[in-house]
Amino acid sequence: MGGAQKEKAPQEDNLEFYLERLRKAENETGLLLILLVFLVLPVVFLGFIGALLYVLIIIGLVILIGKERSPWIYQETITVKNAGREWRKIAEDVPRLFQRYTLQNIAWNISGNKLTINLNLETSVIEHSQYGSYARSVNLGPFRVEALFEDKNGDLVVQIRYHGEPPVMSGSIAAEQYEKIIMAFRLAVEDACAQQTSQSKNISDFAQLAEILASKGTVVAEVRCPYCGASIELPKEGDTVKCPYCGATLKVIDVYKVLLEIFREEASQESK
C-alpha cells in the first residue's frame, strides 16, 4: 500500500514559513496602530474638540484595521505511489473525509480533474481576564482548496493550492487554524488513497490476510462484527467468516476494511 509523500520544498517555501508571515503581519499591524496612537496623541491638548477628534480617529483606525484582510496562498504537491489509476474515486472521497476531520461546513465540486473545496472558516478562542475566562468566536473568512489529481505512470500526483483571506489582526489564530486545515486535507488524501488501494487488494483468504498483518507486526485474533458489534474469531483458512450472533457472513476483504479503520482510528487518537 503506497503512503502519501509530500515533496520536500525549499526552506523559504515550506508551510511554517508562510504561516509565520501571518503572525508577523499581525504583529506589525499592532505596532503600527500603537505608533499612530502616539502620533495623534498631541491633538488631545487642543481642548475638547481635539480630544473628541482624537477619540474618533482612534475608533476609526481600530475599525479599519480590524476589517483589513490579508490574502494568503500556499501551494504543495503530494505524491502517492501506485494510486494513480483510482484518482477519480479518490478525488470524490476526499471532500467527505476532509469535512469529517475539520468539522466545518464545506461546498465542493469536481470539474475534470480539479477538486475545489470552499468553506467559511470559523473558530473560537478562549480569552482570559481578571474576571475569568470566556470563549470568543472568530470568523477567519473564506478559505479555498484547489487540487489537481493526475495519474503519472501509475502514481497519483496531487497539486494543491490553498487560499485564505484572514483578518490581519487575527493572523496568529489564522496560522493555527490554517495548519490544521492543511493537515486535515493531507490526511484526507492519504486515507482516501488507502481506502481505494485496500479495496483493490486481491486478498483471497484469511491465511493471506494473516501474512499481510504479520508483515506489519500485527497479530489479530478477532474483530467486531460491523453489523451487530459482537466479537468474531478469525479463522486460519477460508475466505469467509460468519458472525455467531447475527449470522452475517463477512468476506475476507470486509474484515480487512474493518481492521484498516480500527488502525486508522488508533493512529488518529495517538496523534492527538
Val255 reachable from Tyr245 in the ILVMFWY side-chain graph, under 4.5 Å edges: no

CG-CG distance between Asn120 and Leu140, expressed to the nearest 0.5 angstrom: 8.5 Å

pair Leu187-Leu97: side-chain heavy atoms closer than 4.5 Å: no

Side-chain touch Glu222/Ile232, heavy atoms, less than 4.5 angstrom: no

Heavy-atom pair of closest approach, residues Phe98 and Ala184: CD1-C, 4.0 Å

Check: Tyr162/Glu146 side-chain N/O donor and acceptor closer than 3.5 Å: no

From Arg100 atom CZ to Ile106 atom CD1, the distance as rounded to the nearest 0.5 Å: 12.0 Å

Rounded distance [0.5 Å steps], CZ in Arg144 versus CD1 in Ile73: 8.0 Å

Minimum-distance pair of heavy atoms, taken over all atoms of Gly238 and Asp205: O-CB, 3.1 Å

CG (Asn105) with more than 12 external heavy atoms under 6.0 Å: no

Exercise: identify the closest heavy-atom pair between Ala91 and Pro95: O-CD, 3.1 Å

Side chain to side chain contact (heavy atoms under 4.5 Å, CB included) assessment of Phe206 paired with Leu234: CA-CA 8 Å; Phe206 282 99; Leu234 297 183; 4.1 Å; yes

Residue pair Glu150 / Gln159, side-chain heavy-atom distance below 4.5 Å: yes

Side chain to side chain contact (heavy atoms under 4.5 Å, CB included) assessment of Trp108 paired with Val145: CA-CA 9 Å; Trp108 64 277; Val145 182; over 6 Å; no

Within the 6.0 Å centroid threshold, strictly below: Phe143 and Tyr178: yes

Greater than 12 external heavy atoms within 6.0 Å of Glu16's CD: yes

Separation of Glu179 CD from Tyr74 OH (nearest 0.5 Å): 10.5 Å

Side-chain touch Thr240/Leu250, heavy atoms, less than 4.5 angstrom: no

Which atom of Gly247 lies closest to which atom of Lys242, heavy atoms considered: O-CE, 3.4 Å

Heavy-atom donor-acceptor pair, Arg224 side chain to Gly229 backbone, under 3.5 Å: yes

Sub-4.5 Å side-chain heavy-atom contact between Asp93 and Gln195: yes

Derivation of the salt bridge (charged side-chain N to carboxylate O under 4.0 Å, His left out) call for Glu176 and Lys180: CA-CA 7 Å; Glu176 179 181 350; Lys180 292 179 180 179; 3.6 Å; yes

Cys193 vs Leu156 side-chain heavy atoms within contact, under 4.5 Å: yes

Closest heavy-atom pair and its distance - Cys246, Cys228: SG-SG, 3.7 Å

Gap between atom NZ of Lys114 and atom CG of Leu148 - 0.5 Å precision: 6.5 Å

Evaluation steps, side chain to side chain contact (heavy atoms under 4.5 Å, CB included), between Ile78 and Arg186: CA-CA 8 Å; Ile78 294 177; Arg186 292 175 180 173; 3.8 Å; yes

Taking every non-hydrogen atom, the tightest pair across Ala175 and Leu19: O-CD2, 3.5 Å

Side chain proximity check, Ile181 to Thr102, heavy atoms < 4.5 angstrom: yes

Worked check of side chain to side chain contact (heavy atoms under 4.5 Å, CB included) between Thr77 and Val158: CA-CA 6 Å; Thr77 299; Val158 188; over 6 Å; no

Point-to-point distance, once rounded to the nearest 0.5 Å, from CD1 of Ile110 to OG1 of Thr116: 9.0 Å

Main-chain N/O of Asp155 paired to Trp87 side chain as donor or acceptor, under 3.5 Å: no

Close side-chain approach of Phe149 to Val94, heavy-atom, < 4.5 Å: yes

Evaluation steps, salt bridge (charged side-chain N to carboxylate O under 4.0 Å, His left out), between Arg88 and Glu92: CA-CA 6 Å; Arg88 181 74 188 190; Glu92 293 173 348; 3.3 Å; yes

Candidate pair Glu76 and Arg161, rule salt bridge (charged side-chain N to carboxylate O under 4.0 Å, His left out), full reasoning: CA-CA 7 Å; Glu76 66 177 351; Arg161 182 178 186 270; over 6 Å; no

